[in-house]
Amino acid sequence: QVQLVESGGGLVQAGGSLRLSCAASGRIFSIDAMGWYRQAPEQQRELVASITSGGNTNYADSVKGRFTISRDNANNTLYLEMNSLKPEDTAVYYCNSNVRHRLGSPTFRYWGQGTQVTVSS
């Protein structure tokens with residue numbers, strides 16, 4: 001099994017910054033793509049940003065230029081640097097990892113428990 005533990009959420013004023021972290025632990029041989037998703041009340045979960053094991057990134061249009069995703073492969077940790085935050089960024093943020101448990105095995109998707117980000121106007 002694999003556990004993903006997010007941290008770094010909180011309350012911030014519009015224009016402020018937060019840095020989210022997601023630490024993966026457990027039976028991990030390697031991790032392919034990782035990503036951050038968010039879900040606001042009464043809305044569907046949406047992709048915020050993703051990053052491959054090689055460092056290629058992808059962002060939702062709504063966060064381009066404001067958010068930066070990165071990862072530390074040696075420590076199986078994912079980050080999301082969020083700048084110029086807006087009230088519409090308010091949501092629960094979840095990390096996601098596609099994990100291989102051994103060499104040549106298929107990947108399995110795991111989710112963190114979520115961390116609340118609230119941006120006040």
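What you see is a predicted model, and the numbers here were worked out from it, not measured in a lab.
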From the options I28, V2, T107, select the one residue that forms a side-chain contact (heavy atoms from CB on, under 4.5 Å) with H101. V2
Interatomic distance, OG@S53 vs CZ@R71, rounded to 0.5 Å, equals 5.5 Å
Might you point out which heavy atoms bring A40 and A91 nearest each other, and give the distance in Å? N-CB, 3.8 Å
Check: Y93 and Q116 side chains under 4.5 Å, non-hydrogen atoms: no
Looking only at heavy atoms, what is the nearest atom pair of M34 and S97, with distance? CE-OG, 3.1 Å
Are R38 and V92 side-chain neighbours, meaning at least one heavy-atom pair lies under 4.5 Å? no
Does Y94 share a hydrophobic cluster with M82, counting links as ILVMFWY side-chain heavy atoms below 4.5 Å and allowing steps through other members? no
If only atom types and distance count, is the side chain of R100 paired as donor or acceptor with the main-chain N or O of F108 below 3.5 Å? no
Ion pair check, K64 and D61, cut-off under 4.0 Å: yes
Do S121 and K86 come within less than 4.5 Å of each other through their side chains, counting heavy atoms only? no
Under 6.0 Å between ring centres, would you say that holds for F67 and W36? no
Measure the shortest side-chain to side-chain distance between L11 and V119 over non-hydrogen atoms and say whether it is less than 4.5 angstrom. no
Tell me which one of L78, N96, T77, T115 satisfies side-chain contact (heavy atoms from CB on, under 4.5 Å) with C22. L78
Which pair of heavy atoms, one from L4 and one from A24, lies closest together, and at what distance? CD2-CB, 3.3 Å
Could you check whether any side-chain N or O of E6 sits under 3.5 Å from a backbone N or O of S21, counting only pairs where one atom can act as donor and the other as acceptor? no
Report yes if some heavy atom in the side chain of Q44 is under 4.5 Å from a heavy atom in the side chain of Q39; otherwise report no. no
Is any side-chain heavy atom of I31 closer than 4.5 Å to one of N76? yes
Answer yes or no: is there a donor N or O on one side and an acceptor on the other, between the side chain of E46 and the main chain of Y37, under 3.5 Å? no
To the nearest 0.5 Å, atom CG of N58 lies from atom CD1 of I51 at 11.0 Å
Nearest-0.5 Å distance, OG of residue S30 to CG of residue L103: 8.0 Å
Taking all non-hydrogen atoms of both residues into account, name the closest pair between L80 and A49 and its distance. CD1-CB, 4.4 Å
Answer whether the closest heavy-atom distance between the side chains of D32 and T52 falls below 4.5 Å. no
Taking atom CZ of R109 and atom CG of N98, what is their separation to the nearest 0.5 Å? 5.0 Å
With the side chain counted from C-beta on, respond yes when Y110 and Q1 share a heavy-atom pair under 4.5 Å apart, and no when they do not. yes
Can you tell me if R66 uses its side chain to pair, donor with acceptor, with the backbone of S84 under 3.5 Å? yes
Let's go through V117 and T90 carefully: what are the C-alpha distance in whole Å and the side-chain angles of both, what is the deciding distance for side chain to side chain contact (heavy atoms under 4.5 Å, CB included) to 0.1 Å, and is it a yes or a no? CA-CA 5 Å; V117 171; T90 296; 5.9 Å; no
Has Y59 got a side-chain atom pairing as donor or acceptor with S50's backbone, closer than 3.5 angstrom? no
